[in-house]
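Notes to accompany the following structure.
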Amino acid sequence: MNPFRTFRIDYVFFFSFAGFVAVLITIMMIVSYRFSAAEQADSTSMYQQAVLQQLNKQLTDHMSAVEQTSLAVSINSPLVNYVTMNGDYYARKTARDELNRDYLAPMLNSSRSMFSFQIYMNDPLQVDPNANIQYLPLASASRESWYPAVDKSDFVWIGQREVGSPQGKQQVISFIRKITTLDGVNRGILIINVRVKFLQQILTEDNSSASRLLLDSGGRMIMHTRIAPPPGEINAILERVDGDTGHAHQVLAAAGSLPEKSMLTVWSRTSPGSWMLVELTPWKDITSGSVRLAWTMAVVGAAAIMLSLFFTLFLSRNFTRPIRKLVQLMQAFNPEKRGQPLPTEYRNEFGSLFSGYRKLTERIETLYQSLEQQYKAQREAEIKALQAMINPHFLYNTLDQLNWMALEAGQEKISQVLELMGQMFRIGLSGGESMITVQEELLHVDCFLKIQQFKWGEELEWHIDCPEELRHLMIPKLTLQPFVENAVMHGFHGRRQGRIHLICMEEDRGIRIWIRDDGIGLREDWKTRKRHPTGGYGIRNVKERIQVYFGPPFGVSLRNRTDAPGSEAEIYWPKVNQPRDQEGGGIHVDHRYRG
């Protein structure tokens, strides 16, 4: 017997709905804890991830500043001169005092994060382990616990430790960098000690009571707040880490300093291979109110549903019709297309709902357009920033050539070099434009090679094979010179002659240029070998600029030649006829072939 055909529909609906509510309440009582706990964990982790990302950016800024300071100090001429100085006691003492007074001490006094300098060198004049600027014997460095790490690398961060000071022992974390002279000889070790209290203030500025850990790219703990788990538990945490941000519910061993087993682990890092912040929160703190919340939700939900049973039959149709209409419009919403018109006959709450949804869609469309403009502006800013990193690197190498010329040749040659450099810098500036013609880029390369020829003489040969019809097309400026420079500086290193062949060819999808040399070629480990922190920007920035400008399938590839000794660089970019879009100011490129 079908009850919908026998009994009154309101009775059928009432008792059917009452039975459904009873079953629903029972199910809610069983599963409410589980789902409410999961929701609590998700909402808590989202908040914690946002906080950790902000803290991570602050820490990265401060620690990057320390790294840059260490680089500037390690190549500072007075410091290098003092470390390598031989002579009488008075001259060395005067040099040390001037170095402390004029350079190191002002740097410490102007920084909130840096606590002290430690400089390991041969034969220091005076060893004071409690000074803010300490000069220590280089031979004693091998007895320190951090020495194996710095012995295998030019620079490294080490974890929390104690150092002496005029105020007593202080907790610091340290950045260590070798002091290397221009001839590549290691003359000492520079250590910059950073105040742990300063970094802990950053990590606890939101007054959080959770335990936070700062781990380096290798998973070693640099510092912590509140509770520091033992290494075994850190390894267990890292096993669950997947991606730059995320969270997990973990059951850790109740050993060491962790009193709880069940923890909510949230992690965040700004980019792959960078610092990682981990926040540990006891699971019971997350779910302590879940049981009460589940019962409250069940009681309130049951009471509300029971009251609505008597009105369901009459009101359900009228209530669901506008909701269904709104859901339909929401599912069909597209910020780029105008959808169906919203109903206008409602004057009650549904009318306010439709009006609010109308304003919301208008706001979304406005924000969508704003985000497009913002992305466009950010993209152009990133391109200009990447370009700006190339000039100082080349200027350094060119000035090095000028110094060599000043020692080995006369003023006439220097005048010629300066003239060629003037042409190169004019092309590099190019009125602030990001794109120049292929002809101008080839002239830039030719000027560079002519400068190099003053050193190499006729033993440096080059040939540029580029059809005339390709020379008017546009190319991101300073694209070819870094590869030619790499061939001369590295490919011909230790040799007395070399030859470079540059070939341009047009394809259906774009322009392809090969830069080939007959040098020593690429090392087998060139892809994985660690780059020196002060170099390698040129080629990397060319890759990044082409990626930002055009995207796949365009880009740069490096490889050893198969037909002869030497290496080969291949640059591939689309055909660009105009440097700037007349209306929007962006790069005018055909995107049909982008991946």
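Note: hydrogens, waters and symmetry copies are ignored here, and every other heavy atom, side chains too, is used.
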Cut-off 3.5 Å, side chains only: do [X] and [Y] have a donor facing an acceptor?
| X | Y | result |
| --- | --- | --- |
| Asn193 | Arg161 | yes |
| Gln453 | Trp462 | no |
| Asn186 | Thr180 | no |

Quick one, Pro467 and Met505 - any side-chain contact, counting heavy atoms below 4.5 Å? no
Which residues satisfy the side-chain contact (heavy atoms from CB on, under 4.5 Å) test with Gln439, sequence neighbours excluded? Thr437, Arg471
Partner of Tyr135 under ring-ring contact (aromatic ring centres under 6.0 Å, His included), picked from Tyr120, Phe117, Tyr82, is Tyr82
State the [atom1]-[atom2] distance between [X] and [Y], to the nearest 0.5 angstrom.
| X | Y | atom1 | atom2 | answer |
| --- | --- | --- | --- | --- |
| Leu59 | Phe198 | CG | CZ | 9.0 Å |
| Ile192 | Ser174 | CD1 | OG | 9.5 Å |
| Leu136 | Ile191 | CG | CD1 | 7.5 Å |
| Asn81 | Leu99 | CG | CG | 9.5 Å |
| Glu441 | Asp446 | CD | CG | 12.0 Å |
| Met474 | Trp573 | CE | CH2 | 11.0 Å |

Shortest non-hydrogen contact between Met489 and His493, atoms and distance: O-CB, 3.5 Å
Looking only at non-hydrogen atoms, find the nearest pair between Val488 and Ile500 and report the distance. CG2-CD1, 3.8 Å
Could you go through residues 556-568 and list every donor-acceptor pair under 3.5 Å that involves a side-chain atom there, pairing it with any protein atom two or more places apart or in another chain?
unit_1: Ser557; atom_1: OG; unit_2: Arg559; atom_2: NH1; d: 3.0
unit_1: Arg559; atom_1: NE; unit_2: Glu568; atom_2: OE1; d: 2.9
unit_1: Arg559; atom_1: NH1; unit_2: Glu570; atom_2: OE1; d: 3.3
unit_1: Arg559; atom_1: NH2; unit_2: Glu568; atom_2: OE1; d: 3.1
unit_1: Arg559; atom_1: NH2; unit_2: Glu570; atom_2: OE1; d: 2.3
unit_1: Asn560; atom_1: OD1; unit_2: Leu522; atom_2: N; d: 2.5
unit_1: Asn560; atom_1: ND2; unit_2: Leu522; atom_2: O; d: 3.2
unit_1: Arg561; atom_1: NE; unit_2: Asp563; atom_2: OD1; d: 3.3
unit_1: Arg561; atom_1: NH1; unit_2: Asp517; atom_2: O; d: 3.1
unit_1: Arg561; atom_1: NH2; unit_2: Asp563; atom_2: OD2; d: 3.3
unit_1: Ser567; atom_1: OG; unit_2: Asp517; atom_2: OD2; d: 2.7
unit_1: Glu568; atom_1: OE2; unit_2: Arg516; atom_2: NE; d: 2.4
unit_1: Glu568; atom_1: OE2; unit_2: Arg516; atom_2: NH2; d: 3.1

Would you verify whether the NZ or CZ of Arg177 falls within 45 degrees of the ring axis of Phe155 while also being under 6.0 Å from that six-membered ring's centre? yes
Test the Arg512-Tyr572 pair against the cation-pi criterion, namely NZ or CZ under 6.0 angstrom from the six-membered ring centroid and within 45° of the ring axis. yes
Between [X] and [Y], does any side-chain N to carboxylate O distance fall below 4.0 Å?
| X | Y | answer |
| --- | --- | --- |
| Lys477 | Glu440 | no |
| Lys93 | Asp97 | yes |
| Asp88 | Arg92 | no |

So does Met107 get a backbone contact from the side chain of Ser110, meaning a donor-acceptor N/O pair under 3.5 Å? yes
Between His463 and His501, what is the ring plane arrangement, given parallel below 30°, perpendicular above 60°, and tilted in between? tilted
